[in-house]
Amino acid sequence: MINKIVRSMDEAMSGIQDGSTVLIAGFGHVGQPIALIQGLVEQGARDLTIVSNSGGRGHTGPLARLFEQDRVRKIICSFLRASSLAGELVRVGKVELEVVPQGTLAERLRASGSGVQAFFTPTGAGTKVAEGKETREIGGRECVLEYALHGDVALIEAWRADRWGNAMYRATGRSYNPIMAAAAKLTIMQTQHLAELGELDSEAITTPGIYVNRVIHVPYGDPPPP
Amino acid sequence: MINKIVRSMDEAMSGIQDGSTVLIAGFGHVGQPIALIQGLVEQGARDLTIVSNSGGRGHTGPLARLFEQDRVRKIICSFLRASSLAGELVRVGKVELEVVPQGTLAERLRASGSGVQAFFTPTGAGTKVAEGKETREIGGRECVLEYALHGDVALIEAWRADRWGNAMYRATGRSYNPIMAAAAKLTIMQTQHLAELGELDSEAITTPGIYVNRVIHVPYGDPPPP
Amino acid sequence: MSATMATAKPLNRAAMAARAAQDLREGWYVNLGIGIPTLVADHIPSGREVIFHSENGILGMGPAPSPDQVDPWLINASSQYVSLQPGACFLHHADSFGLVRGGHLDLCVLGAYQVAENGDLANWAMTENDPAPQIGGAMDLAVGTKEVWVLMEHTTKDGRARVVHQCTYPLTGRGVVTRVYTNLAVLDVTGRGFVVIDIIPGLTIEALQARTEAKLHLP
Amino acid sequence: MSATMATAKPLNRAAMAARAAQDLREGWYVNLGIGIPTLVADHIPSGREVIFHSENGILGMGPAPSPDQVDPWLINASSQYVSLQPGACFLHHADSFGLVRGGHLDLCVLGAYQVAENGDLANWAMTENDPAPQIGGAMDLAVGTKEVWVLMEHTTKDGRARVVHQCTYPLTGRGVVTRVYTNLAVLDVTGRGFVVIDIIPGLTIEALQARTEAKLHLP
């Protein structure tokens, strides 16, 4: 019987290697897999490349712990606050930064999951983010060539999931979760609720279990206030 | 008040020009907007480019009427049966054919709706469908450059829809419907059921109304047998 | 500067938002950027149905909820609690930005540091090598939306022009802005540059020009 | 040809499907092509959980329903009525082929006209300029799936080889096939060509080679 549900955080985190690219989902605190990030902090992998919408706020929270412990080599994000720990480490040159327009970040992740190797997008043409990139006019618009962004590991937060790893999200907890789940070799999901197989509506499953390797039940915790 | 629901097939079909590229959704008869295709037959537009998964079966059904009436200049599809009327007309050179691998067809439509101008896919590399196309090795795989496929008109079949044009599909009636809805300038939807605004589950709406221009209630008709 | 504003009262933030809100049309799909643009939603004339997009995955975003109605899972792109309009749906990030980049939104209203007379927009960084870049979704909105309106103070706090001949800050998009709403005026971006289509009572064109680096034209 | 099949009984379609079904592993995500491959689903050993994909938008496809259980909206890629496994979900076409092309399926089982010793697959046309091409989803499945197995008769009806040195029919994909199940044998595609890993009782390797254009190797 297929059963992707694991019983401990150790099991959920096993095998994450130093040097991994880790996709961390969520937008703000909503849909952000806080328990799994904490699990990664404890797991100990170093020299990580973190892909996340933003670099976080301030110096608190588990994402900041990864930076504080000098575990992050590079961050790929669309939004970096100067006041965040990640922002400070980038400023002093301790962490490498790749900044990507938000829609391009989403599309590069979606490309990875769906076997598209690269794509031409009008976003960023003529701006600093296009510097050094191949450009081409297509259909009368200048476009930038952007490449699929692959993860070794994705950390995902679902609202309800079953033993196949099928999942549904809640409200804006969806955001990057479905596309990051499909873009990594090892996708680890925390879910606030477990469902029996067959209980989730076939018309409304947002992440099919094929994209998910491990599910851990974290039965508490609405997102903290923004 | 926004109200995309139209009361007559004439109203639904108004403004379709000669020379249009018409996206016709569905896979087999399931999710195929038969009433709208019949509406297009009656509406009279000529010199059409039809984009559809297949060229249909045999000589019956409204799609065959379009071919029979010499209304189709070109068909873009992934699957053409020699025994279909479309297949016969292609063989004798009366209709132009562009054959596209099914996943590439889907992705070209999705690219159009989502503002991606072109993309590199490994599908078809080294085969006849790559002839004359730009190819490039990316990430160790030979890829073919494919372009977004834009529709002037999309004909869509939903299961339930509301006055904003929000829609849900039923089972394999989904197929090309959501991606074609987003890929055309004018998207016309037939729906078996109408819903009040707010009645469709926000987590399960598959086509947001932003992609839909007109909704017509066709309150009968499960798909005919295959 | 000889021009004065003795009798003219610049719009405050709410009045700027209300002025822009007047021009939103029934049935439009609209994205409102962070800051003053967010306020536009509060000033839509009643009975006019406008559908709001939030790029973190809402189409059909409603106003801020009362404290007892807060859903901690429902935030906008500024990480503020919001509600839903009836008919709302959720989108994942690739679908949400596909909608943006694909040209389906009728309008976005963004803040800006500078807007140039050719429609260039600068709103994400104030130096060429900003160590903490905050691009977010602005570049996608700028290239993807049918109309791009900017809502901003006409000048910086220390009096420098934001309505300029050419942007000196890093660009968000080239030639994308179609209209600018400031606390002093409404300007259309046209083939001949900025055209003044509205100005606050008591302010002369000359006084407005004195606060504007770009050349202003009359309709 | 001196080799005979006096004592060997070629597998029928059901037995070919059953032979392939033996090798499917618990937990695999599998796409079954049109024709004989479809039959594989009927022969999965009981208790072994395998999840079937149908490229028209089902992940978790179940067997044909009894006539009174038919849902006219629920068909597979061969336009046959099917049912759902508990845990099934529906996908639109871009998501369904994203899943294929993205390398997420463990296996697809396809029919073929020819398979070459370098793994080339020809299964969509029998002439260079087929006026009615039937590519469908085969090219996406061929490049996107981790393992590509072919299930086909070992020779054509008139006795010509399908297991060949080099394909003469238009290709579906280059170097994609990993294993071939025929009515006579099971062949792995390896760096040194076809390796025979199973053969029907009573058939000699020499007799199999006589029906095969490509050179066969022993494990």
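Just so it is clear: chains get the letters A, B, ... in the order the sequence lines come, proteins before strands, and each one is counted from 1.
- Note: Q102(A) leads R141(A), Q102(A), R110(A) in heavy-atom pairs under 4.5 Å with chain C.
- Heavy-atom distances place the side chain of E157(A), and not its backbone, under 4.5 Å from chain C.
- Within a 6.0 Å sphere centred on CD of Q166(C), heavy atoms belonging to other residues, nucleotides or ligands number 12 at most.
- Not one N or O on the side chain of T172(A) forms a donor-acceptor pair closer than 3.5 Å with the backbone of N56(C).
- Your options are A88(C), S79(C), A125(C), and the one with the most heavy-atom pairs under 4.5 Å with chain A is S79(C).
- By number of non-hydrogen pairs under 4.5 angstrom with chain C, the leading residue of I179(A), T127(A), L97(A), V100(A) is T127(A).
- Under the 4.5 Å side-chain criterion, counting only non-hydrogen atoms from C-beta, F90(C) is not in contact with Y169(A).
- If you measure heavy-atom distances from S54(C) to chain A, you find no contacts under 4.5 Å at all.
- Looking at A138(C), there are no atoms closer than 4.5 Å to chain A (heavy atoms on both sides), in backbone or side chain.
- Within the model, atoms CG of D95(C) and CD of E107(A) stand 9.5 Å from one another, a figure rounded to the nearest 0.5 Å.
- Per-residue heavy-atom pair counts under 4.5 Å with chain A were compared for G137(C), P72(C), G57(C), A142(C), and the maximum is reached by P72(C).
- No donor-acceptor pair closer than 3.5 Å links the side chain of S175(A) to the backbone N or O of H92(C).
- The parts of T104(A) that come within reach of chain C are both its backbone and its side chain, each placing non-hydrogen atoms under 4.5 angstrom from that chain.
- When every heavy atom of W73(C) is checked against every heavy atom of V30(A), the shortest pair comes out as O-CG1, 3.4 Å.
- Residue P178(A) touches chain C through its side chain alone, counting heavy-atom pairs closer than 4.5 Å.
- Proximity to chain A is limited to the backbone of N76(C), based on heavy atoms less than 4.5 angstrom apart.
- With chain C as the partner, the residue from S54(A), C77(A), A86(A), P101(A) showing the most heavy-atom pairs under 4.5 Å is P101(A).
- Taking a 6.0 Å sphere around CZ of R136(A), one finds it holds more than 12 heavy atoms contributed by other residues, nucleotides or ligands.
- At distances below 3.5 Å, at least one donor-acceptor pair connects side-chain atoms of D140(C) with backbone N or O atoms of G103(A).
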Candidate pair L105(A) and H93(C), rule side chain to side chain contact (heavy atoms under 4.5 Å, CB included), full reasoning: CA-CA 9 Å; L105(A) 184 60; H93(C) 242 72; over 6 Å; no
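- Looking at heavy atoms from C-beta onward, R170(A) lies in side-chain contact with D71(C) at the 4.5 angstrom threshold.
- Considering CE of M139(C) and OG1 of T121(A), their distance stands at 11.5 Å, rounded to 0.5 Å.
- For K94(A), the NZ atom sits in a loose shell: 12 or fewer heavy atoms of surrounding residues, nucleotides or ligands are nearer than 6.0 Å.
- Heavy atoms of E142(A) lying under 4.5 Å from chain C belong exclusively to its side chain.
- Top candidate by heavy-atom pairs under 4.5 Å with chain A, chosen from T172(C), V143(C), L91(C), is V143(C).
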Pair S96(C)-R174(A), side chain to side chain contact (heavy atoms under 4.5 Å, CB included): steps then yes or no: CA-CA 11 Å; S96(C) 183; R174(A) 189 178 303 204; over 6 Å; no
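- A donor-acceptor contact shorter than 3.5 Å links the side chain of Q134(C) to the backbone of L80(A).
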